[in-house]
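To start, the structure itself, in structure tokens.
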Amino acid sequence: MKRVLTGLQPTGLLHIGNYFGAIEPMVRLQDGNELFMFVPNYHAITVPQRPDELRRNTLFATAVYLAAGIDPKRTTVFPQSLVSQHTELGWILNCIAKMGELERMTQYKDKATGKGENVSVGLFDYPVLMAADILLYDSLLVPVGSDQKQHVELARDLADRFNKQFGQTFVMPEPMIRKDGARIMGVDNPEKKMSKSASSPKNYISLMDNPATVEKKIKAAVTDSGTEVKGGAERPALANLLMIFSLVTGKTVAEIEAAHAGQSYGAFKQNLADAVNAWLAPLQAKILAFSKDEAMLLKVLEDGAKKAEEEAEVKMKVVRQKIGVAL
Ligand code: TYM
């Protein structure tokens, strides 16, 4: 029985990379582990948000978790903002985190590029809040896409530093990064990961895209030179499309390649679009059904927050004692 924790930012748009990188692994870990799946809404405000949208997106993320198969009876589902111990521990960890180590975070560098001084302190500091999210619950496993690996490593460094300075307090979390699916690339550019903040929606397949949109995006997907439906390191575009095909159907890449031997890219893309749509349809139906029941979603989040807060407070009592602010 391991403690497992993850969260996805409530941006209103969740794509298949988010799903396969973080949500599906959580669903699979639900049996035999103790799961915490939260909505990091305080992370979302590191960039400007419209308050009504942020609220709506928090409920949407919750609906997606449930639709994917997260069972609130077994998994503690909660919003970060209802468990104030996250921000409290975040502040304490801020005081042992170093400017230099945060400056090295590649995601910050990517997001801050070109914005000059006009970047929020929160965006810079965000990995420390993420470390607090993880360490509060003695999480041993953190299922994430590979872009978050560096942040989980920072959580390990901060845990180690705190433990050395104040005595054993936090356990060492491990990032859990699946072999295939932890880094789905943009369908418009196989050199860059699929991203919610991509400049064009052609980059990603949203969990809420309708069948015609999915078909259009896949038909416009970048391919490699040549005509063969074959992946491999030298063929990143096809490798990515084949990986998506494999993830939504459960077939191996070799099986999909064999089934398309001698076929054109056009025929392959049509089959891929059909496979993605067949996979999305039941998921979307569940997301929409859960989204309609706001009272149920709020109850799940409130009940989850109560359970999470009990756990978090046990840890914070120890932390406050150790650093000398308990009085
Ligand atoms: P976020 O919201 O950017 O992404 C949510 C999850 O989706 C994964 N992901 C991908 N996986 C595969 N292929 C992709 N193209 C792809 N793009 C994104 C991310 O790696 C992530 O697992 N900092 C986190 C949220 C967070 C968190 C935490 C996660 C806050 N506190 C504590 C774990 C534990 C984030 O911004 O993820």
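Numbers here are sequence positions counted from 1. Order of appearance sets the numbers: ligands from 1, and atoms from 1 within every ligand.
For ligand 1, the protein residues within 4.0 angstrom (heavy atoms only) are L5, T6, G7, L8, Q9, H15, G17, N18, G21, A22, F38, P40, H43, Y126, M130, D133, I134, V142, V144, G145, D147, Q148, G181, A182, R183, I184, K193, M194, K196.
Between F38 and F78, the two ring planes are parallel [angle under 30°; tilted spans 30° to 60°].
Atom CE of M26 and atom CG of L141 lie 9.5 Å apart (nearest 0.5 Å).
Not a single donor-acceptor pair under 3.5 Å links the side chain of Q30 to the backbone N or O of R74.
Two residues are said to be in side-chain contact when any heavy atoms from C-beta on lie closer than 4.5 Å; R235 and K230 meet this criterion.
Side chain to side chain, H86 and Y137 meet the donor-acceptor criterion of an N or O pair below 3.5 Å. Side chains of Q80 and D133: a donor-acceptor N/O pair is present below 3.5 angstrom, by distance only.
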